[in-house]
*Asks:* 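Below: one structure in structure tokens.
Residue numbers begin at 1 in each chain, while the letters A, B, ... track the order of the sequences.
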Amino acid sequence: MCGRYTLAVSPAKLAERFALPPISDLQPRYNIAPTQPVVVVREGNDGREGVYMRWGLIPSWAKDASVGAKLINARSETVLEKPSFRTAFRRRRCLIPASGFYEWQTTATGKRPFYFTLPDDDLMAFAGLWEQWLAPDGEVIESCTILTTTANEIVTPIHNRMPVIVPSEFTAFWLDPATDIPRLHAFCLTPPPVALHRYPVGKAVNQVRNDGPALIEPAAL
DNA sequence: CCAGACGTTGTT
DNA sequence: GTCTGG
DNA sequence: CCAGACGTTGTT
DNA sequence: GTCTGG
């Protein structure tokens, strides 16, 4: 799955990669966790935009925001059917920029985190969905989730699921509200291959309070 | 009809 | 909001 | 995803 | 063991 990731990039590079106006308040993050605000790219009313949303999709009918903590991922295999996701899949797709992501390997001696990046440290874009939720106090909260699919050959030794990664040439395909739904579904079930790099990192990433480039330093196995 | 769920992961 | 279970 | 809480009463 | 919060 995808439950922790990084985003450390200049506003200019992010803007160039996704063809959107620069975001002003973009701090490097090496330990982005569920329920935190995350950068999300979508087609807004006035064109493509990058906005912050809470990670963990809160369905519009939810009674309180806490249900979102469980909906940090959506399985590609079932996203068309699930009440929490199917409407968003048709109408509110987004991309979630990332520099890399973490997966934990379960072993007899415990869990070990690994870090995954693209060649040349290219920016990733996770396929995502977003939603609007009206809080009882009248506040509108926007939230998002990351699509997952079967792990590829680089991720498989560590974990059986991975985020759906959208290559840059598929940016418009994924975000365009007019794209054919069956084609989108086929895409996230079998995304284009990506050549990921993988290496073990220290357990400091386990604690959400830790942040900084030291978290992605390679560690001994 | 109304009430209650609506999710993923991992582990078994 | 919509579906499932009773 | 992992870490940390998981409870009530009364007092500050 | 299971849920909540980050």
*Asks:* Name the nucleic acid region contacted by A/T78, choosing base, sugar-phosphate or nothing; use a 4.0 angstrom heavy-atom cut-off, strictly under.
*Replies:*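 Touches sugar-phosphate only.
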*Asks:* Considering every strand and a 4.0 Å limit on heavy-atom distances, what is the contact class for A/T87: base, sugar-phosphate, or nothing?
*Replies:*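 Nothing: the residue A/T87, judged by heavy atoms under 4.0 Å, touches no strand.
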*Asks:* Just call it for A/P34: base, sugar-phosphate, or nothing, with non-hydrogen atoms closer than 4.0 Å on any strand.
*Replies:*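 Base contact - A/P34 has a heavy atom under 4.0 Å of at least one base atom.
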*Asks:* Return no unless some side-chain N or O of A/T148 is found under 4.0 Å from OP1 or OP2 of B/dT9.
*Replies:*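 It does, given that an N or O in the side chain of A/T148 lies less than 4.0 Å from OP1 or OP2 of B/dT9.
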*Asks:* For D/dG7 versus B/dA3, give the span between their C1' atoms, rounded off to a whole number of Å.
*Replies:*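 Per the computed distance, 30 Å lies between those C1' atoms.
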*Asks:* Under 3.5 Å, which donor-acceptor pairs link side chains of residues 183-199 of chain A to any protein atom two or more places apart or in another chain?
*Replies:*
| from | atom 1 | to | atom 2 | distance (Å) |
| --- | --- | --- | --- | --- |
| A/H185 | NE2 | A/S76 | O | 2.8 |
| A/R198 | NH1 | A/I154 | O | 2.8 |
| A/Y199 | OH | A/I216 | O | 2.6 |

*Asks:* Within the structure shown, what part of the strands sits under 4.0 Å from A/W61 by heavy-atom distance: base, sugar-phosphate, or nothing?
*Replies:*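 The answer is base, as A/W61 lies within the cut-off (heavy atoms under 4.0 Å) of a base atom.
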*Asks:* Over all strands shown, is A/R86 touching base, sugar-phosphate only, or nothing at heavy-atom distances under 4.0 angstrom?
*Replies:*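 If one applies the 4.0 Å heavy-atom cut-off, A/R86 turns out to touch the sugar-phosphate alone, with no base involved.
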*Asks:* Assign A/F85 to base, sugar-phosphate, or nothing according to its heavy-atom contacts below 4.0 angstrom with the strands shown.
*Replies:*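 Touches sugar-phosphate only.
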*Asks:* Which is true for A/T35 with a 4.0 Å heavy-atom rule: it touches a base, it touches only sugar-phosphate, or it touches nothing?
*Replies:*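 It contacts base atoms.
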*Asks:* A/I72 near the nucleic acid: base, sugar-phosphate alone, or nothing, with a heavy-atom cut-off under 4.0 Å?
*Replies:*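 Base contact.
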*Asks:* Return the nearest nucleotide to the side chain of A/S66; candidates are E/dG5, B/dT11, E/dG6.
*Replies:*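 Given the options E/dG5, B/dT11, E/dG6, the side chain of A/S66 is closest to E/dG5.
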*Asks:* What stem regions, each of at least 3 consecutive Watson-Crick or G-U pairs below 3.5 Å, can be found for DNA chain B?
*Replies:*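 Only these stems qualify: B:1-6 with C:1-6.
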